[in-house]
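Okay, structure first, notes after.
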Amino acid sequence: MAVAATRILTPVSKADGSYHRPTELKAFDDTKSGVKGLVDAGITEIPRIFYQPPESNDSGHVSDETQIHIPMINLDHIGKTPLKRKYTVDRIREASEKFGFFQLINHGIPVSVLEEMKDGVRRFHEQETELKKQYYSRNLTKPLIYTSNFDLYSAPTTNWRDAFRYISVPSSHNPEDLPEICRDILMDYSKRVMEIGKLVFELLSEALGLNPNYLNGVDCGEGLSLVCHYYPPCPQPNLAIGTSEHTDNSFITVLLQDHIGGLQIRHENNWVDIPPVAGALVVNIGDLMQLITNDKFRSVKHRVLANKEGPRVSVAGFFSPPVLSASKVYGPIKELVSEETPAIYRDTTIGEFNTQFHSKGIGTSTLQQFKLSQAHI
């Protein structure tokens with residue numbers, strides 16, 4: 001490990017006034033070896049930059065209501081009869097309004113592809129650090145970057161995870177520039193997730209009472225980024241968080257998670273587990289979808305717990321407009337606005353929306369910044 005990393009491996013006592021967070025963050029960043037580098041170095045206590053603020057550590061408030069299960073949507077039903085399609089659409093509507101989350105089964109991606117995608121994430125993160133470093137960057141416009149905490153210098157808490165992100169659509173890069181260790185599966189999986197996204201946008205359009213082509217027609221499915229997370233085992237999971245409480249700044253997110261679990265959503269002020277289901281994909285509503293549906297569909301806070309078990313891997317497919325669409329304007333869908341249900345949000349450009357999200361780091365509410373002052377909700 002680089003010399004610059006040595007001090008970060010020794011946690012500073014809370015009583016030690018010499019602790020300087022910006023210095024510690026830079027020392028960690030400069031190693032370019034991420035959280036996995038700390039674990040590989042054999043630490044038994046986590047550095048202080050990973051401590052959760054006491055007020056956010058409410059892991060005890062976990063619902064023990066076994067009756068709370070997010071809906072399981074069987075996509076095998078939608079093409080069989082109009083009645084079965086309507087049943088599926090109704091369930092998606094209910095899930096999007098009540099939970100902001102649902103799971104998909106029989107979605108068409110073979111289990112072998114899902115397993116290879118997870119294996120590809122592990123292969124990338126578990127290769128030699130020197131091989132990964134060539135991709136280490138905080139330039140979010142690059143087609144593929146490896147980093148630890150994209151918001152390292154702006155977020156109040158450093159998350160116990162590393163990630164690499166691949167902008168798969170629109171694609172302007174040479175496939176040969178992708179890491180050979182996971183190149184083929186990245187390209188294959190992203191194409192398959194694009195197909196699922198187009199279908200989900202059709203079903204969400206119908207759930208809103210709109211033409212099935214509406215959401216695809218306003219380019220909700222024109223940008224896809226795969227963020228491949230790697231959560232190493234944490235020696236002090238009670239002090240850290242895998243991913244801080246947040247909402248996504250996407251239209252929708254399609255998530256593949258492994259068997260370890262740790263994903264939780266806020267429901268009626270309780271944390272509720274989303275246990276892994278073999279072969280299933282988790283879909284959640286993002287902030288942009290809540291904005292354009294005028295709060296009909298909910299972007300719900302969620303988080304990932306740190307765990308002594310691991311590594312945990314997941315692949316989040318974020319459907320968001322591409323960088324080239326920065327000037328594109330979105331606001332509440334006119335068909336969903338009336339005198340009885342006035343617009344809650346002002347129109348915004350994608351550039352402004354994303355700038356707001358990235359300026360504060362994960363965990364901040366982007367939507368709050370776009371609410372109209374007269375909106376009473």
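These numbers come from a predicted model, not from an experiment.
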Can you tell whether the side chains of [X] and [Y] come within less than 4.0 Å, N to carboxylate O?
X	Y	result
R266	E245	yes
R183	E176	yes
K118	E115	yes
E94	R91	no

Whether the [X] and [Y] side chains hold a donor-acceptor pair (N or O, under 3.5 Å, no angle test) is what I'd like checked.
X	Y	result
E116	Y189	no
D29	Y136	yes
R21	T158	yes
E202	N213	no

Ring centroids only, cut at 6.0 angstrom: are F50 and F28 within range, meaning strictly under it?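 Yes, close enough.
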Matching residue for Y231 among D258, N307, T243 - test: side-chain hydrogen bond (donor to acceptor under 3.5 Å, both in side chains):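 Option passing the side-chain hydrogen bond (donor to acceptor under 3.5 Å, both in side chains) with Y231: T243.
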Would you mind telling me which of D287, T366, T253 makes a side-chain hydrogen bond (donor to acceptor under 3.5 Å, both in side chains) with S299?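 Exactly one pass, corresponding to D287.
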Set out, in order, the CA-CA distance, both residues' side-chain angles and the distance that settles salt bridge (charged side-chain N to carboxylate O under 4.0 Å, His left out) for R123 and D119, then state yes or no. CA-CA 6 Å; R123 288 196 301 270; D119 287 344; 5.1 Å; no
Provide the closest heavy-atom pair for [X] versus [Y] in the form atom of the first, atom of the second, distance.
X	Y	result
Y146	G34	OH-N, 3.8 Å
N294	Y345	OD1-N, 4.1 Å
M194	G221	CE-O, 3.2 Å
P232	V35	CG-CG1, 3.8 Å

If we ignore hydrogens and angles and just use 3.5 Å, is the side chain of S168 paired with the main-chain N or O of L224 as donor and acceptor?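 Here the side-chain-to-backbone pair exists.
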What is the distance from atom CZ of F201 to atom SG of C220, rounded to the nearest 0.5 Å?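 If I round to the nearest 0.5 Å, the distance is 5.0 Å.
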How many angstroms lie between atom CZ of F251 and atom CG of L215, to the nearest 0.5 angstrom? 8.0 Å
Can the positive tip of K328 be found less than 6.0 Å from the middle of the six-membered ring of Y330, inside 45° of the ring normal? yes
Steps toward side-chain contact (heavy atoms from CB on, under 4.5 Å) verdict (W271, R303): CA-CA 9 Å; W271 285 113; R303 69 181 183 181; 3.2 Å; yes
Neighbour count >12 (heavy atoms, 6.0 Å) for atom CD, Q134: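 Atom CD in Q134 is crowded, with more than 12 foreign heavy atoms closer than 6.0 Å.
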Do V113 and L186 share a hydrophobic cluster (ILVMFWY, side-chain heavy atoms under 4.5 Å, transitive)? yes
